[in-house]
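Working notes for the structure below.
Note that these values count all heavy atoms, side chains included, but never hydrogens, waters or copies made by symmetry. As the structure is a computational prediction, the values presented were derived from the model and not from experiment. In what follows, residues are counted from 1 in the order of the sequence shown.
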Amino acid sequence: MVYGLGEALKNLNSYCQERTTRIRNSLSPSRPSMSEATATGSSSSSRASTTIPSTPNMDVTPTVEDPRQNDNNASGMTRDEFRQYGKETVDYIVDYLENIQKRRVVPAIEPGYLKDLIPSEAPNTPESFESVMEDFEKLIMPGITHWQHPRFHAYFPAGNSFPSIIADMLSDAIGCVGFSWAACPAMTELELIMLDWFGKMIGLPAEFLPLTENGKGGGVIQSSASECNFVTLLAARFEVMKELRQRFPFVEEGLLLSKLIAYCSKEAHSSVEKACMIGMVKLRILETDSKFRLRGDTLRNAIQEDRNLGLIPFFVSTTLGTTSCCSFDVLSEIGPICKENELWLHVDAAYSGSAFICPEFRPLMNGIEYAMSFNTNPNKWLLINFDCSTMWVRDRFKLTQALVVDPLYLQHSWMDKSIDYRHWGIPLSRRFRSLKLWFVIRMYGIDGLQKYIREHVRLAKKMETLLRADAKFEIVNEVIMGLVCFRMKGDDELNQTLLTRLNASGRIHMVPASLGDRFVIRFCVCAENATDKDIEVAYEIIAQATQHVLHDSVKAVIAEEDEEAVALEEMVADLNITETPEKCLTRQNSANAAESGQKLERQLSKEEILAQKQHESLAKKRYTPQPLDLALAPDSDPELSPCSPQILVS
């Protein structure tokens with residue numbers, strides 16, 4: 001048995017060495033001759049300069065033929081079918097994006113619309129690609145909000161470009177899960193280089209960059225800014241708890257944890273609050289200045305107050321480009337305070353960070369040298385498809401020590417020389433996100449990406465100019481990037497009505513925010529190829545809807561007064577009995593209630609309750625509770641009085 005096992009291992013080792021040699025040889029194919037290259041180019045003159053290289057012919061043990069290739073009843077999709085349908089799908093994608101303006105921006109459906117359209121059980125037998133795509137267009141597309149639509153101005157841009165889509169297709173085809181260097185070396189290597197490239201592009205200090213010689217910094221691509229906020233909070237919490245455990249070794253850890261407090265401004269993203277909830281630490285939300293920015297004095301005072309209460313400040317989350325209005329916390333004031341008080345300073349630049357590739361916007365980063373961590377989302381404003389959120393730290397060891405879990409099955413022989421990104425975030429599994437960053441940066445170039453950013457800013461400034469020139473509107477934020485916050489000059493209810501009307505039209509889509517306790521409407525330039533005409537059309541839609549809202553508002557007030565007054569006056573004038581209007585109104589309501597009892601019961605909406613109260617108050621206002629001096633005719637029948645329930649019901 002021992003001899004047989006040794007011989008088997010020897011043969012296996014020999015086979016592995018031979019296979020490795022063949023693979024290495026195949027990975028270094030000889031260059032084609034000039035005649036071969038010319039022949040290839042002449043075969044398709046229209047694509048001579050963009051020929052995609054074929055995959056190398058690997059001289060290895062042949063794989064078993066795919067049984068589905070010759071099985072007409074096979075499920076899934078064969079290679080030949082994938083070639084055909086893949087090309088058709090690319091054509092569908094291009095046609096969709098070229099003609100997206102012909103669709104409604106937001107769908108005209110209600111919650112649950114799909115439940116009755118799709119079978120309640122999954123199919124037992126395979127269905128054709130054609131039938132699936134037919135149902136996709138017929139059932140799914142009517143429920144899609146088209147984020148790439150030229151009239152989509154909600155939230156922030158959802159990055160999208162053909163190079164990014166192609167990179168994602170390749171990533172999906174490779175299907176690797178790069179939790180460690182050994183799991184997929186190229187995935188880790190490219191991620192390091194891309195974070196070094198991009199960090200230099202936006203002007204981050206060298207201490208943050210992963211390839212700085214003898215540096216402790218580093219970068220990682222997370223799924224979202226929410227994850228970046230959470231893992232930096234965990235790193236900061238681990239760091240302060242490590243120090244507290246040393247200083248107070250006999251104090252229960254839960255008690256120490258209950259003393260920790262973090263800070264952010266009231267304009268910070270909701271993910272900061274969620275991170276503190278999950279991390280079980282207190283969060284103090286601080287007021288901002290007139291430009292919706294967090295200032296140094298506000299933070300300093302809060303820290304002192306909390307220390308006087310026995311709390312332990314440890315983390316500050318600042319924002320460059322807030323979600324509500326794209327305001328910029330003043331890092332140059334906040335940074336020194338964090339350094340003085342030994343607090344972890346995190347900078348969230350999810351939207352605006354991509355704009356720092358333009359030198360003119362980098363002064364907004366003044367004070368970044370005090371930060372411990374920084375993140376931005378190329379999948380918002382750098383034409384990268386979701387998900388791709390880049391994050392850098394000044395000291396990578398402070399991040400990884402908070403997240404390291406190292407079972408034997410994840411260890412490998414290169415751990416002392418490589419980075420394993422499984423120690424940098426919450427999930428173990430990771431996608432090949434750096435590939436699309438590489439494709440987009442190379443195929444647009446820094447110049448092309450700068451042009452794209454600057455054009456969006458110019459268009460936002462144009463919308464600001466159009467709205468300022470209209471006396472019906474006011475601009476609420478400082479327009480620095482691609483976001484304009486505006487409102488009608490009037491109360492919040494009027495502005496809510498305007499936004500509801502705009503979104504319900506299906507012609508444009510925007511979302512609200514609250515600034516200074518006022519309801520505002522956010523207009524963001526989102527489409528990659530947005531034009532001046534798109535801005536002009538959007539303004540015209542807004543202006544027309546505003547006119548309708550103002551007209552309907554005035555008309556509604558007049559109509560309510562007239563209709564209510566006339567109805568009550570006519571009802572009282574027709575009475576032939578001595579009865580107060582209030583009693584008559586009570587009878588009428590009772591009759592209506594009796595009639596409605598035959599229908600399905602439902603709760604009154606807020607609007608119905610308000611209308612009912614207005615109706616009652618108007619009746620009380622117009623008529624005094626004095627008996628009417630009206631006598632019944634001698635031969636009249638009280639039971640047939642116009643105010644009797646029977647008459648009212650009929």
### Query
Would you call Arg300 and Glu340 a salt bridge, taking side-chain N to carboxylate O under 4.0 Å as the test?
yes
### Query
After noting the C-alpha distance and the side-chain angles of Tyr263 and Ser317, does the key distance pass the side chain to side chain contact (heavy atoms under 4.5 Å, CB included) rule?
CA-CA 6 Å; Tyr263 303 92; Ser317 180; over 6 Å; no
### Query
Can you find a pair of side-chain heavy atoms, one from Leu195 and one from Leu209, that are under 4.5 Å apart?
no
### Shortest non-hydrogen separation from Leu483 to Cys524 and the atoms involved
CD1-CB, 3.8 Å
#### Entry: Test: Arg468 and Glu464 ion pair at under 4.0 Å
yes
### Task
Please step through side chain to side chain contact (heavy atoms under 4.5 Å, CB included) for the pair Ile453 and Met481, ending with a clear verdict.
CA-CA 9 Å; Ile453 295 287; Met481 299 291 183; 5.8 Å; no
### Query
Does the pair Asn366 and Ser332 meet the rule for a side chain to side chain donor-acceptor pair (under 3.5 Å), with working shown?
CA-CA 6 Å; Asn366 288 345; Ser332 58; over 6 Å; no
### Task
Kindly determine whether Asp534 and Thr531 satisfy side chain to side chain donor-acceptor pair (under 3.5 Å), including the steps that lead there.
CA-CA 5 Å; Asp534 291 325; Thr531 64; 3.2 Å; yes
### Task
Verify, without hydrogens or angle tests, whether Asn495 (side chain) and Asp491 (backbone) share a donor-acceptor contact under 3.5 angstrom.
yes
### Task
Quick one: closest heavy-atom pair of Met510 and Arg522, and the distance?
CB-O, 3.3 Å
### Query
Can you tell me how far CZ of Phe314 sits from CD1 of Ile303, rounded to the nearest 0.5 angstrom?
12.0 Å
### Query
Are the side chains of Tyr351 and Thr323 in touch, meaning some heavy atoms are under 4.5 Å apart?
no
### Message
I'd like to know whether Asp172 forms a salt bridge (Lys or Arg N to Asp or Glu O under 4.0 Å) with Arg431, so could you lay out the CA-CA distance, the side-chain angles of the two residues, the decisive distance to 0.1 Å, and finally the verdict.
### Response
CA-CA 9 Å; Asp172 290 341; Arg431 300 178 65 247; 3.8 Å; yes
### Query
So which heavy atom on Gly296 is nearest to which on Ile337, and how close?
O-CD1, 3.0 Å
#### Entry: Closest non-hydrogen atom pair between Thr376 and Ala350, with its separation
OG1-O, 3.6 Å
### Task
Please report the closest heavy-atom contact between Lys259 and Gly310, naming both atoms and the distance.
CD-O, 3.5 Å
### Exceeds 12 heavy-atom contacts within 6.0 angstrom, atom CD of Glu273
no
### Message
When you measure from the side chain of Thr465 to the backbone of Lys461, do you find a donor-acceptor pair of N or O atoms at a distance under 3.5 Å?
### Response
yes
### Query
If only atom types and distance count, is the side chain of His146 paired as donor or acceptor with the main-chain N or O of Ile100 below 3.5 Å?
no
### Task
Measure the CD-CZ distance between Glu243 and Phe238 for me, rounded to the nearest 0.5 Å.
13.0 Å
### Query
Should the heavy atoms of other residues, nucleotides or ligands under 6.0 Å from CZ of Arg507 be counted, would the total exceed 12?
no
### Message
Under a 3.5 Å distance rule, please check whether Ser164 uses its side chain to pair with a backbone N or O of Asn160 as donor and acceptor.
### Response
no
### Query
Below 6.0 angstrom between ring centroids: does that apply to Phe374 and His346?
no
### Task
Check whether any side-chain N or O of His456 sits under 3.5 Å from a backbone N or O of Ala527 as a donor-acceptor pair, and report yes or no.
yes
### Message
For Phe473 together with Phe486, are the ring centres under 6.0 Å from each other?
### Response
yes
### Flag, side chain of Arg293 to backbone of Val330, donor-acceptor distance under 3.5 Å
no
### Message
Measuring from atom NE2 of His548 to atom CG of Leu502, what distance do you get when rounded to the nearest 0.5 angstrom?
### Response
10.5 Å
#### Entry: Ionic contact status for Glu207 with Lys216, cut-off 4.0 Å
no
### Task
Before accepting this row, confirm whether a basic side-chain N of the pair Arg433/Asp168 lies closer than 4.0 Å to the acidic partner's carboxylate O.
no
### Task
Could you tell me whether Glu333 and Arg295 have a side-chain N and a carboxylate O separated by less than 4.0 Å?
yes
#### Entry: Sidechain-backbone polar pair: Asp196 side chain, Leu192 backbone, donor-acceptor under 3.5 Å
no
### Message
Set out, in order, the CA-CA distance, both residues' side-chain angles and the distance that settles side chain to side chain donor-acceptor pair (under 3.5 Å) for Asn377 and Ser389, then state yes or no.
### Response
CA-CA 4 Å; Asn377 286 13; Ser389 186; 2.6 Å; yes
#### Entry: Heavy-atom neighbours of Ile118 CD1 exceed 12 at 6.0 Å
yes
### Query
Does Asp289 use its side chain to pair, donor to acceptor, with the backbone of Lys291 at less than 3.5 Å?
yes
### Message
So does Glu267 get a backbone contact from the side chain of Ser265, meaning a donor-acceptor N/O pair under 3.5 Å?
### Response
yes
### Query
Stepwise, does the side chain to side chain donor-acceptor pair (under 3.5 Å) test hold for Glu239 with Gln401?
CA-CA 9 Å; Glu239 189 72 11; Gln401 69 181 352; 2.9 Å; yes
### Task
Fit a plane to each ring of Phe198 and Trp392, take the angle between them on a 0 to 90° scale, and name the class: parallel (under 30°), tilted (30 to 60°) or perpendicular (over 60°).
tilted
### Query
Heavy-atom distance under 4.5 Å between the side chains of Lys266 and Leu286, does that happen here?
no
### Task
Mark yes or no for whether Arg487, through its side chain, and Phe519, through its backbone, hold a donor-acceptor pair below 3.5 Å.
yes
### Query
So does Glu342 have more than 12 non-hydrogen atoms from other groups sitting under 6.0 Å from CD?
no
### Task
Measure the spacing between CD1 of Ile202 and CZ of Phe361 and express it to the nearest 0.5 Å.
14.0 Å
#### Entry: Smallest separation among heavy atoms of Tyr444 and Pro163, with atom names
CE1-CG, 4.0 Å
### Query
Charged N to carboxylate O below 4.0 Å: is that the case for Arg284 and Glu305?
yes
